[in-house]
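Here the structure is laid out as structure tokens; the discussion comes afterwards.
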Amino acid sequence: MSICFNENEKIFTIQTKNSTYQMKVDMFDFLLHLYYGTKIENGNMDYLLPKADVGFSGTPWEAQDRTFSLDFLPQEFSSCGIGDYRINSINLIEENGCNAFEPRYVGHSIKKGVKEIKGMPYIYDENDNAETLEIYLKDNVTNLEVTLNYTVFYDMDIIARSTTFKNNSNNTVKLNKIMSATLDINHCDLQMIHFHGRHAMERNFERNNIPHGITSISSKRGTSSHHHNPSIILCENDTNENHGNCYGISLVYSGNFLIEVEREQFEQIRTNVGINPENFEYHINKGDVFETPQVLFTFSNNGFSKLSQNFHNAIRNNICRGKYKLERRPILINNWEATYFNFDDDKIIKIAKQASDLGIEMFVLDDGWFGKRDDDNSGLGDWFVNTNKIKIGLPKLVEEINKMGMKFGLWFEPEMISYDSDLYRKNPDWAVKIPNRNPNKSRNQLVLDMTREDVREYLFNRMTDILDSANIEYVKWDMNRSICDAFSALLPKDRQGEFYHRYVLGLYDLLEKLVSRYPDLLIEGCSGGGGRFDIAMMYYSPQIWCSDNTDAIERLSIQYGSSFIYPISTVGSHVSAIPNHQTGRTTSIDTRAVVAMSGSFGYEMDLNLISDEEKQKVKEQIKTYKELQPIIHNGLYYRLSQPEVDNYTAWQFVSKDKTETLLNVVVTKVCANKMYINIKLKGLDENKNYVVNDKIYAGSVLMNAGLIIKNPIGDYPSYQFHIKEYKN
Ligand code: GLA
């Protein structure tokens with residue numbers, strides 16, 4: 001049993017393999033947080049609860065002394081309007097205009113299985129391993145209720161939390177904020193890591209002390225965004241990759257989010273995670289329920305490597321779905337950077353033919369095959385094959401490519417509509433825009449109103465029509481702008497505040513219908529690269545184009561940041577042409593491949609244009625990737641350096657039985673007269689022997705004395721060591 005309730009002490013204890021989470025129902029039925037951290041087999045941590053008579057921190061009416069205050073007690077779900085002045089878990093307005101909510105414990109249940117969230121992605125369990133604790137809290141004056149859900153995966157060290165709000169009152173209430181989870185920590189000091197960025201430079205790692213006041217990361221772009229990933233890590237000051245306490249927190253949601261962290265007057269740290277309350281206003285009618293998205297928590301007392309491995313394991317096995325969840329994905333060639341919009345079927349066949357000769361397994365036809373689409377000004381929404389470009393028709397083109405022994409994949413950007421499109425001319429009110437205002441254009445396009453069923457039905461029909469017309473085994477699902485001008489022509493005026501969340505629900509609805517109809521279809525997510533790189537999208541697409549930046553050196557930082565939360569199998573990564581189209585940088589085809597192989601691998605260039613020597617290398621790379629893919633996708637991942645700090649970037653995969661490891665190194669700054677780089681490996685068995693370049697080393701030697709790379713020279717040299725156990 002990973003969840004237990006001590007009736008006498010009214011203490012809930014959640015145990016995972018390496019962590020303990022504890023909370024207590026206090027004498028007034030408030031649910032207080034006691035502890036989350038390193039596993040404690042038997043312990044009651046309620047002595048940690050602060051007790052003090054503090055000025056300007058009031059006490060609930062029935063409290064006998066002034067040492068009890070909701071203003072400093074750690075809570076599982078904080079009240080609003082009744083004396084907790086820190087960031088709140090909820091904010092609502094009742095029919096009478098009041099905005100108080102006082103959550104008191106009224107009961108709980110412990111169930112086998114997971115918490116299913118209707119219409120939204122959630123962590124699932126195929127092996128009957130999970131247990132769920134539901135704690136019911138009620139405001140006794142209004143009868144409004146919240147249920148706090150904790151789904152526990154013991155072996156994976158994962159606790160998935162979410163909140164269910166139920167309106168048991170007689171009136172409609174307006175929800176202005178409802179967080180998926182609140183975590184109060186008062187037993188240690190913490191720093192915060194987050195992953196910020198911009199288009200073509202996503203998920204940059206940043207680590208800061210948490211200042212007094214409120215620090216937040218968020219998105220109000222309608223997507224989880226390039227700018228802030230919906231994940232943070234809280235860690236102690238001395239935590240590093242191998243050592244120390246850290247908490248990983250990642251929201252399973254693809255829309256507007258908020259993660260806010262407050263260091264309050266007594267240095268306690270409160271973290272709230274959930275839908276962004278800005279531009280959010282939900283009307284909940286009598287009897288109705290509102291479910292928040294889920295948030296995954298993991299704790300590691302062995303540093304960041306273990307924390308990342310916990311997330312990788314959970315996302316790969318219990319979030320990703322479909323045929324390709326664990327299978328090796330076909331090595332693909334994508335024509336985007338090879339042709340942009342300028343192609344016809346002859347050109348495509350030529351690129352595909354060369355790719356297939358070198359061993360590539362799937363051809364992906366990117367943007368420009370439909371409607372009137374010779375640049376990014378027109379055509380989105382008109383999902384009909386453009387027979388000026390694909391003169392032989394799509395079924396025939398797919399047949400030709402299949403004949404070469406390759407699968408075929410196709411790009412869509414379903415959520416978008418071009419102003420210059422037949423779809424817009426016919427249904428202008430399907431575009432998201434505010435009446436009497438000109439909408440903001442971004443990449444010259446508008447957004448389709450995904451809250452509408454008729455819009456989703458149109459998209460489903462167009463997409464299935466195309467997908468059924470030929471043997472299409474992969475879809476790249478793109479989304480190339482941020483949303484604004486939020487307004488739906490179908491929502492009543494008092495429901496416009498629901499637009500953004502309803503948009504995300506609409507997106508999930510369409511994706512769910514498609515994955516149910518085509519369980520074997522591989523969907524690669526994309527939003528101008530990694531603008532919607534979140535756990536929720538991974539429920540539908542087990543890989544996501546990680547960034548529009550295909551420069552191998554910049555990718556080191558992007559893939560480094562991504563690796564803290566997301567499994568390597570979810571990272572779409574391609575070898576592209578040089579000079580690189582985003583940075584103008586030139587790197588060798590070897591280095592480009594070493595970097596791109598740490599993901600779901602492919603090429604994005606015209607391979608007809610490279611030298612014979614390079615073609616030979618591509619052939620070898622394909623062979624190598626096929627051999628290495630099991631350890632890359634199933635091995636334990638270790639970061640061995642920091643791209644922005646060290647002169648080289650090194651990372652490693654270790655098979656679970658420790659008989660094999662893959663070490664990757666890219667030297668990003670070669671220095672004159674430097675004898676060697678020393679790299680200390682991780683995760684090996686110290687008592688096993690390993691062979692490196694025909695020499696035998698003990699695991700303890702490789703991990704403590706390290707491996708040396710002699711005299712790196714040239715522009716961005718790279719190294720790949722596939723090291724196996726030595727058996728005599
Ligand atoms: C986005 C994607 C690219 C490509 C283009 C096509 O930018 O990230 O990979 O598909 O759209 O317009």
Side-chain angles (χ1 to χ4, degrees), residues 197-203 221-227 254 329 332-343 347-348 351 362-383 386 389 408-421 441-448 463 472 474-483 522-534 537 541 543-552 554-555 558-559 562 570-577 580-583 596 599-606:
R198 57 183 183 274
H199 173 232
M201 201 59 222
E202 300 89 338
R203 291 175 295 288
R221 294 170 176 273
T223 59
S224 45
S225 88
H226 302 84
H227 307 77
S254 314
R329 325 273 160 71
L332 65 84
I333 180 129
N334 176 304
N335 72 304
W336 178 241
E337 287 198 13
T339 64
Y340 295 105
F341 294 104
N342 182 17
F343 62 82
K347 206 168 183 180
I348 292 304
I351 295 174
M362 179 160 74
F363 180 86
V364 176
L365 182 58
D366 210 279
D367 195 354
W369 57 267
F370 54 90
K372 185 185 122 212
R373 183 83 171 158
D374 294 325
D375 53 35
D376 60 16
N377 288 308
S378 59
L380 290 170
D382 297 341
W383 300 108
N386 179 335
K389 284 180 164 178
F408 183 87
L410 197 58
W411 181 95
F412 284 91
E413 195 179 356
E415 300 153 72
M416 294 295 142
I417 180 165
S418 298
Y419 183 73
D420 181 4
S421 65
K441 284 181 285 175
S442 183
R443 211 192 183 204
N444 304 313
Q445 64 201 49
L446 306 181
V447 182
L448 275 173
M463 289 185 78
I472 300 169
Y474 160 110
V475 160
K476 181 171 169 188
W477 183 296
D478 212 338
M479 198 288 189
N480 282 321
R481 60 161 290 176
S482 300
I483 306 175
L522 172 58
I523 302 182
E524 175 155 0
C526 181
S527 175
R532 211 161 48 184
F533 205 97
D534 55 64
M537 286 309 287
S541 54
Q543 70 189 55
I544 299 181
W545 181 226
C546 185
S547 177
D548 273 350
N549 187 342
T550 59
D551 176 276
E554 299 238 280
R555 271 291 184 123
I558 298 169
Q559 293 179 194
S562 308
T570 61
V571 171
S573 47
H574 301 166
V575 173
S576 64
N580 178 267
H581 292 196
Q582 291 78 42
T583 60
S600 285
F601 184 54
Y603 291 79
E604 185 156 337
M605 61 200 291
D606 185 348

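Every number for a ligand or one of its atoms is a count from 1 in the order of the listing.
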Pocket residues of ligand 1, ordered first by chain and then by residue number (heavy-atom cut-off under 4.0 Å): Trp336, Asp366, Asp367, Trp411, Arg443, Lys476, Asp478, Asn480, Cys526, Gly528, Gly529, Trp545, Asp548
Glu202: side chain to side chain contact (heavy atoms under 4.5 Å, CB included) partners, not counting sequence neighbours: His226, Ser547, Ile558
Residues Gln445 and Arg481: side-chain donor-acceptor under 3.5 angstrom: no
Any side-chain donor near an acceptor of the partner, Asn480 and Asp478, under 3.5 Å: yes
Phe341 atom CZ, over 12 foreign heavy atoms within 6.0 Å: yes
Mutual orientation of the aromatic rings belonging to Phe412 and Trp369 [parallel < 30°, tilted 30-60°, perpendicular > 60°]: perpendicular
Arg373 charged N/C atom sitting above Trp383 aromatic ring, 6.0 Å / 45°: no
